Asker: 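Before we start, here is the structure in question, set down as structure tokens.
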Amino acid sequence: MFRRARNGKSCGQYMAEYLLKKHNNIIPNELRGMVLVFADTLWRRGGYLCVPCLCWDGDEWCLRFYWLDDGWFSGVMFVRLSA
């Protein structure tokens with residue numbers, strides 16, 4: 001699944017920060033409670049590969065980094081550019 005998400009149309013940390021800082025109002029309210037994954041950026045943190053994600057904390061969107069080997073659940077969406 002992760003390989004398919006990184007097929008050249010996925011978005012990275014730059015886009016996550018752009019949305020978070022300047023345009024978080026364009027993220028639909030229906031996505032609150034979902035984890036938006038920006039799979040085009042990979043970081044190694046503490047020996048683990050991580051991806052930047054936007055998460056709704058109840059009041060606002062926050063940038064987090066999740067390990068790739070964590071258990072992923074159905075509330076995850078990979079952010080990609082539209083065709």
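Values below: all heavy atoms of this structure, side chains included; hydrogens, waters and symmetry mates excluded. Index from 1, following the sequence. Keep in mind that what you see is a predicted model, and the values were worked out from it rather than measured.
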Asker: Test side-chain contact (heavy atoms from CB on, under 4.5 Å) on V51 and L42 and set out the steps.
Answerer: CA-CA 5 Å; V51 290; L42 290 175; 3.5 Å; yes
Asker: Rounded to the nearest 0.5 Å, what separates atom CD in E30 from atom CZ in R32?
Answerer: 9.5 Å
Asker: Between N24 and E60, is there a side-chain heavy-atom distance shorter than 4.5 Å?
Answerer: no
Asker: Parallel under 30°, tilted from 30 to 60°, perpendicular over 60°: which one fits the rings of W61 and W56?
Answerer: perpendicular
Asker: How many angstroms lie between CH2 in W43 and CD in Q13, if you round to the nearest 0.5 Å?
Answerer: 6.0 Å
Asker: Can a donor-acceptor pair be found, under 3.5 Å and without considering hydrogens, that links the side chain of R44 to the backbone of G47?
Answerer: yes
Asker: Under 4.5 Å between any side-chain heavy atoms of L63 and E17, yes or no?
Answerer: yes
Asker: Tell me, do I27 and L36 make a side-chain contact under 4.5 Å, heavy atoms counted?
Answerer: yes
Asker: Using modelled atom types and a 3.5 Å cut-off, is there a donor and acceptor pairing between side-chain atoms of T41 and backbone atoms of G12?
Answerer: no
Asker: Of all the heavy-atom pairs spanning F38 and C53, show the shortest one and how long it is.
Answerer: CD1-CA, 4.4 Å
Asker: Once you round to the nearest 0.5 Å, how far does CG of L54 lie from CE of M34?
Answerer: 13.0 Å
Asker: Around atom OH of Y14, are there more than 12 heavy atoms of other residues, nucleotides or ligands at under 6.0 Å?
Answerer: no
Asker: How far apart are the C-alpha atoms of V37 and V79, what are their side-chain angles, what is the distance that settles it, and do they pass the side-chain contact (heavy atoms from CB on, under 4.5 Å) test?
Answerer: CA-CA 6 Å; V37 179; V79 179; over 6 Å; no
Asker: Can you check whether Y66 reaches C55 side chain to side chain, under 4.5 Å on heavy atoms?
Answerer: yes
